Amino acid sequence: MKRLLLLIFTVLIIISCSPIKEQQQYITIGALLPLTGESSDEGIRALNGMQLAKQKINESGGILGKKLDIIVLNDRSDEDYIVKQYNLLKEKGVVAIIGSSYSDVSIALAKAAEKDGIPIISPTASNPELTRNRPNVFRVIFIDDYQAEAMAYFAYNILNTRNALVLRTRNFSGYKRAADVFIEFFNKHGGDVSVEDFSSEDDIYRILLNNTVNKPDVIYCPEDYVLAAKAINTVYEIGLGGTYVLGNDAYDGILSYVSNHEAMKNVFYSSPFSYDDQDMEIRSFVTDYLNNFSQMPMTGAATAYTCVYILSEAIKKAGSTDRNAIISAMKENEMDTILGNIKFDENNNPHTNVYVIQIEGGIYSTFLKFKL
């Protein structure tokens, strides 16, 4: 009998030291990012930003007396695969999810999470449809409509351009919407617009080649940095070098894909973050990021870092990891962040600064910072 009691006691000790008790010492959030494939640069930058935020939060005492942990899974930038990965995170009991980097795959995630009510926050998905009528879904980047309107203002009033060629993709709804908003507001300012729809790099080359005679003052091409770089290379190669090329936040990282740095001379794009801002909090973040990862932080790193802090502060305000309490706290909170002051509107979108970024001599720098 004594041996049986000793065995039971030993089992209880083992259980008390098991991973279940260990997990109770952590608050765990999930993240879904593109960590392989063409979009992996963006996902890795976001991963770095989240890891830095986790490190700093834990060094400062964690959340509600517990350490923060982040489970990061690869979503492959695939709309079907992200749903499978979401279900894995749900099984692991995460209290909220950061993801994803791009709009279409983030919308697939948001749809999967609607009935569960898990808080979702995207670092860089800018399509307005992501958060519309979804009370549990947030973002920290500005929406496509806002940045496209800002770039139309910049093109007409700052660069003094009067005729624009807009390259409008057939492939991605968010980028297509941005093109349509730019067209609307450039026309409202008094400019003339011609529009060309494209599906591939070959389409872009043909369209640009046809416009070498009547050169546009400005080309607006909202796209991801890989295809945008191919368009910029083409602009330079066929002799449209004097034409401005404007883009969206997805141009971050574009320099790695441009064959000649001279091709970037007249390229500008919108961003919610710039690492050369002299704000003290931004400078501290940039220094920490550089020391940890030996590179300067781009937008994806800064927005993912901000997502972690927004969730952390919401959990603290809620005083628990209850989903509804976290969502309510996110809606109520107003925070000063490295992206500026963030207060979510009725559609869970922020209204942040717009940086117009120029890459000159291989260096990303702020050309203009403003709000509409």
Side-chain angles (χ1 to χ4, degrees), residues 23-35 43 46-47 49-58 60-75 82-101 103 105-125 130-131 133-141 300-335 337 339 342-344 347-350:
Q23 288 172 7
Q24 292 172 353
Q25 307 307 313
Y26 287 86
I27 288 175
T28 305
I29 62 177
L32 293 166
L33 299 169
L35 300 176
L47 173 61
M50 288 190 299
Q51 297 294 355
L52 180 59
K54 183 184 82 168
Q55 174 188 321
K56 292 173 73 68
I57 288 168
N58 286 336
S60 300
I63 307 170
L64 303 180
K66 299 181 179 182
K67 294 287 187 181
L68 171 65
D69 192 23
I70 305 175
I71 300 173
V72 184
L73 298 181
N74 181 17
D75 63 36
I82 197 172
V83 175
K84 296 177 183 178
Q85 298 293 72
Y86 163 73
N87 287 325
L88 285 178
L89 287 180
K90 190 170 63 169
E91 289 172 9
K92 293 179 182 295
V94 299
V95 302
I97 295 174
I98 297 171
S100 180
S101 297
S103 291
V105 71
S106 296
I107 290 171
L109 168 63
K111 288 178 179 177
E114 278 185 87
K115 64 180 185 299
D116 301 317
I118 294 177
I120 304 289
I121 184 166
S122 172
T124 47
L130 173 65
T131 57
N133 298 320
R134 294 189 175 101
N136 65 311
V137 182
F138 299 76
R139 82 179 95 230
V140 297
I141 195 171
T303 52
Y305 177 93
T306 302
C307 284
V308 176
Y309 269 97
I310 285 174
L311 288 176
S312 171
E313 292 304 308
I315 294 168
K316 289 178 185 177
K317 182 179 177 67
S320 77
T321 55
D322 176 78
R323 294 171 183 176
N324 291 329
I326 294 172
I327 290 168
S328 294
M330 290 174 74
K331 289 178 179 291
E332 294 168 7
N333 275 356
E334 183 170 356
M335 288 180 58
T337 74
L339 304 180
I342 288 184
K343 171 70 176 173
F344 293 109
N347 289 313
N348 296 341
N349 300 320

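Model, not experiment: these values are computed from the prediction.
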Which pair of non-hydrogen atoms, one from [X] and one from [Y], has the smallest distance, and what is that distance?
| X | Y | result |
| --- | --- | --- |
| Thr303 | Gly300 | OG1-O, 3.3 Å |
| Ile107 | Arg134 | CG2-NH2, 4.4 Å |
| Ile70 | Ala31 | CG2-CB, 4.1 Å |
| Ile120 | Gly99 | CG2-O, 3.8 Å |
| Ala46 | Ala304 | O-CB, 3.3 Å |
| Ala108 | Val83 | O-CG2, 4.0 Å |

Hey, does the side chain of [X] reach the backbone of [Y] with a donor-acceptor pair shorter than 3.5 angstrom?
| X | Y | value |
| --- | --- | --- |
| Gln85 | Asn74 | yes |
| Asn348 | Pro135 | yes |
| Lys343 | Lys331 | yes |
| Asp75 | Leu33 | yes |
| Ser101 | Thr124 | no |
| Asn58 | Leu68 | yes |
| Ser122 | Ser100 | yes |

Could you go through residues 305-318 and list every donor-acceptor pair under 3.5 Å that involves a side-chain atom there, pairing it with any protein atom two or more places apart or in another chain?
{"from": "Thr306", "atom 1": "OG1", "to": "Ala302", "atom 2": "O", "distance (Å)": "2.8"}
{"from": "Glu313", "atom 1": "OE2", "to": "Lys316", "atom 2": "NZ", "distance (Å)": "3.3"}

Chi angles and distances behind the side-chain contact (heavy atoms from CB on, under 4.5 Å) call for Tyr26, Lys66:
CA-CA 5 Å; Tyr26 287 86; Lys66 299 181 179 182; 5.8 Å; no
To the nearest 0.5 Å, what is the distance between [atom1] on [X] and [atom2] on [Y]?
| X | Y | atom1 | atom2 | answer |
| --- | --- | --- | --- | --- |
| Thr337 | Ile342 | OG1 | CD1 | 4.0 Å |
| Leu89 | Leu109 | CG | CG | 9.0 Å |
| Ile29 | Lys92 | CD1 | NZ | 15.0 Å |
| Leu32 | Ser106 | CG | OG | 9.0 Å |
| Asn347 | Thr131 | CG | OG1 | 5.5 Å |
| Met50 | Ile57 | CE | CD1 | 11.5 Å |

How far apart are the C-alpha atoms of Val140 and Phe138, what are their side-chain angles, what is the distance that settles it, and do they pass the side-chain contact (heavy atoms from CB on, under 4.5 Å) test?
CA-CA 7 Å; Val140 297; Phe138 299 76; over 6 Å; no
Go through the structure and list residues passing side-chain contact (heavy atoms from CB on, under 4.5 Å) with Asp116, not counting sequence neighbours.
Tyr86, Lys90, Ile118, Arg323
Are Leu130 and Ser103 side-chain neighbours, meaning at least one heavy-atom pair lies under 4.5 Å?
no
